[in-house]
Structure formats: C-alpha cells, structure tokens
Visitor: 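Have a look at this one.
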Amino acid sequence: MRLFVAIDIDPQVRAGIEKIQRRLKRDLDLSDRSVKWVDPEHIHLTLKFLGEVDDRDVTSICDAVTRTTATFEPFDFQVKGLGVFGRPARVVWAGISLPAPLLRLQTELDRRLTELGGPMDHRSFAGHLTLCRVKNASAGHVLAEAVNDYAEAFFGTVGAGEVVVYHSHLSSRGPEYSVVSRAAMTS
C-alpha cells in the first residue's frame with residue numbers, strides 16, 4: 001500500500017488555486033503531454049511521504065499519526081505565491097507559511113514514522129502545494145517565467161484541525177487517493 005500523511009486544504013483555497021491553474025492552462029496553451037495538472041480535489045499539504053508500506057504496518061502507522069496529532073491544537077497557515085522546483089521547472093507549486101505548530105507537527109510525525117521504519121527525510125521540510133508536474137524542458141521554461149506574475153498571489157488561509165493518512169493508487173488516469181485514517185487535533 002502506497003501511503004502519505006497530509007493536511008487537507010480548505011475548499012475556498014482550492015478554488016483559488018484551480019482558478020490560477022485554469023488561467024495558466026489557457027494563457028500558456030501547454031499540451032497534456034507537456035504538463036500534468038493536479039486535480040484541485042487532490043491538492044493537499046504532504047507532511048510525510050511513506051511510499052510502499054506493508055499491509056501489516058498500516059495500523060501502527062495510523063496509531064502513531066493519531067497519537068502525535070492528538071498532542072497538537074488546531075492552527076492556521078496561509079497559502080501564498082507560486083514558485084517552481086528545478087531549472088527548467090519540473091514542478092509548479094503554491095507556497096505556504098510555516099507557523100511554528102506546523103513545523104513541530106511535521107518534525108514529530110517525521111521522527112515517529114521514521115522510527116517505525118518509514119523513509120528518513122534528508123532535506124528540510126519544504127511545505128508546498130503541487131499544482132502541476134512538468135514533463136519537458138520547453139514547458140518548464142515557459143512555466144518558470146509565467147509563475148513570476150503570481151509570486152505574491154494570495155489564495156487564503158487553511159484551518160488545520162486534522163491529519164489524514166492517504167492511500168495513493170497509481171493508475172493510467174493519474175493517482176487516486178483514498179482515506180485510510182483521520183486524526184483530529186485537540187481543541
């Protein structure tokens with residue numbers, strides 16, 4: 001089972017991101033062979049990607065996420081600005097603010113899930129919301145230039161009150177996500 005741990009994004013923030021996705025698609029006229037746009041319903045903040053997990057380990061992973069999340073109070077973070085990973089761009093993303101509770105939550109989840117055998121993150125947490133993945137260099141150059149116009153775009157504030165463990169099933173139509181467990185923060 002391919003798993004990741006995430007925070008869902010509020011509908012109004014998703015709507016703002018979808019509006020920008022549509023505008024970029026229309027204005028840049030990039031083919032589906034050049035860019036794979038993320039379905040707005042699938043946009044989330046990944047806290048930890050676990051990859052392939054043995055079915056027998058799923059319960060202990062969900063328990064660790066529940067125990068960790070229960071020690072946090074709900075918090076907010078903002079979604080603002082577009083950027084890219086790579087030159088030419090390989091990924092276009094929306095940025096997020098990094099309030100202290102979010103950083104502590106991500107660090108604690110990473111620690112606990114690594115102790116259970118999850119992959120160790122060797123890079124600092126770079127919280128972002130993926131809008132698309134770029135398949136070729138020419139599209140990457142075009143998108144890297146276009147996102148400059150949205151460096152200060154404000155998409156809204158997300159109220160984080162739970163953490164979700166998702167199963168990601170890869171298909172020819174793209175990834176399909178299903179909820180494995182939800183863990184509420186204390187209020």
Side-chain angles (χ1 to χ4, degrees), residues 1-22 24 36-53 58-83 85 91-113 116 118-119 121 124-133 150 153-171 173-187:
M1 189 176 268
R2 189 171 187 258
L3 299 180
F4 65 92
V5 180
I7 294 175
D8 284 335
I9 304 305
D10 294 354
Q12 72 275 11
V13 174
R14 278 193 178 135
I17 290 172
E18 182 177 18
K19 182 177 176 183
I20 297 296
Q21 284 178 312
R22 283 194 315 264
L24 287 169
K36 172 65 175 151
W37 295 95
V38 175
D39 180 332
E41 291 301 312
H42 288 167
I43 293 176
H44 57 271
L45 172 60
T46 301
L47 298 173
K48 176 84 173 167
F49 179 76
L50 295 167
E52 288 297 326
V53 171
V58 172
T59 300
S60 60
I61 289 168
C62 293
D63 288 345
V65 170
T66 298
R67 285 192 313 277
T68 302
T69 303
T71 65
F72 285 82
E73 293 182 1
F75 57 86
D76 295 338
F77 63 90
Q78 294 183 335
V79 180
K80 179 182 175 186
L82 295 186
F85 290 136
V91 171
V92 175
W93 48 259
I96 64 163
S97 62
L98 296 170
L102 172 58
L103 292 173
R104 285 194 309 271
L105 174 64
Q106 191 280 327
T107 299
E108 188 61 17
L109 284 168
D110 184 45
R111 184 186 66 77
R112 287 193 182 187
L113 294 170
L116 289 175
D121 287 333
S124 297
F125 178 62
H128 65 280
L129 310 177
T130 300
L131 276 64
C132 71
R133 290 178 176 76
Y150 301 97
F154 182 71
F155 299 103
T157 300
V158 174
E162 73 175 3
V163 173
V164 184
V165 177
Y166 278 105
H167 171 228
S168 174
H169 173 72
L170 300 178
S171 74
R173 296 178 309 278
E176 297 171 6
Y177 301 149
S178 58
V179 174
V180 176
S181 72
R182 293 184 182 275
M185 295 178 200
T186 59
S187 43

Visitor: Arg182 side chain to Glu162 main-chain N or O, any donor-acceptor pair under 3.5 Å?
Guide: no
Visitor: With rounding to the nearest 0.5 angstrom, report the OG to CZ distance, Ser60 to Arg67.
Guide: 8.5 Å
Visitor: Hey, what do you get for CZ (Phe77) to CD1 (Ile9), rounding to the nearest 0.5 Å?
Guide: 4.0 Å
Visitor: Please report the shortest heavy-atom distance between Leu116 and Ala64, naming the atom on each side.
Guide: CD1-CB, 3.7 Å
Visitor: Specify the closest pair of heavy atoms between Ala6 and His44, including all atoms of both residues, with the distance to one decimal.
Guide: CB-CD2, 3.7 Å
Visitor: So does Lys36 get a backbone contact from the side chain of Arg133, meaning a donor-acceptor N/O pair under 3.5 Å?
Guide: no
Visitor: Test of understanding: with salt bridge (charged side-chain N to carboxylate O under 4.0 Å, His left out), list the residues that count as partners of Arg2, not counting sequence neighbours.
Guide: none
Visitor: Can you find a pair of side-chain heavy atoms, one from Thr157 and one from Asp10, that are under 4.5 Å apart?
Guide: no
Visitor: Can you tell me if Asp39 uses its side chain to pair, donor with acceptor, with the backbone of Glu41 under 3.5 Å?
Guide: yes
Visitor: Under the side chain to side chain contact (heavy atoms under 4.5 Å, CB included) criterion, do Val180 and Tyr177 qualify, and how do the steps go?
Guide: CA-CA 9 Å; Val180 176; Tyr177 301 149; over 6 Å; no
Visitor: Measuring from Glu176:CD to His169:NE2, what's the distance to the nearest 0.5 Å?
Guide: 5.5 Å
Visitor: Search all heavy atoms of His42 against all heavy atoms of Pro175 and return the closest pair with its distance.
Guide: CE1-O, 3.2 Å
Visitor: Does any non-hydrogen side-chain atom of Val38 lie less than 4.5 Å from one of Ile17?
Guide: no
Visitor: Only pairs at least two apart or in different chains count here, so list each salt bridge (Lys or Arg N to Asp or Glu O under 4.0 Å) that has a residue in residues 43-52.
Guide: Lys48-Asp110, Lys48-Asp121
Visitor: Does any non-hydrogen side-chain atom of Val158 lie less than 4.5 Å from one of Leu45?
Guide: no
Visitor: Which heavy atom in Pro74 sits nearest to a heavy atom in Met185, and how many Å separate them?
Guide: CA-SD, 3.7 Å
Visitor: Identify the heavy atoms of Pro101 and Phe72 that sit nearest to each other, and give their distance.
Guide: O-CE2, 3.7 Å
Visitor: Using side chain to side chain contact (heavy atoms under 4.5 Å, CB included), reason through Ile20 and Phe155 one step at a time and then give a plain yes or no.
Guide: CA-CA 10 Å; Ile20 297 296; Phe155 299 103; 3.4 Å; yes
Visitor: Side chain to side chain contact (heavy atoms under 4.5 Å, CB included), that's the test. Do Thr107 and Phe125 meet it? Break it down for me.
Guide: CA-CA 8 Å; Thr107 299; Phe125 178 62; over 6 Å; no
Visitor: Would you give the length of the straight line joining atom CD of Gln106 to atom CG of Leu98, rounded to the nearest 0.5 angstrom?
Guide: 9.5 Å
Visitor: Quick check: does any side chain N or O of Glu108 sit under 3.5 Å from a backbone N or O of Thr68, one acting as donor and the other as acceptor?
Guide: no
Visitor: Are Tyr166 and Asp8 linked by a side-chain donor-acceptor pair shorter than 3.5 Å?
Guide: yes
Visitor: Output the distance between atom CD1 (Ile61) and atom CG (Leu113), rounded to the nearest 0.5 Å.
Guide: 6.5 Å
Visitor: At what distance, to the nearest 0.5 angstrom, does CE of Met1 lie from CG of Leu50?
Guide: 12.0 Å
Visitor: Please check if the side chain of Thr130 supplies one atom and the backbone of Trp93 the other of a donor-acceptor pair under 3.5 Å.
Guide: no
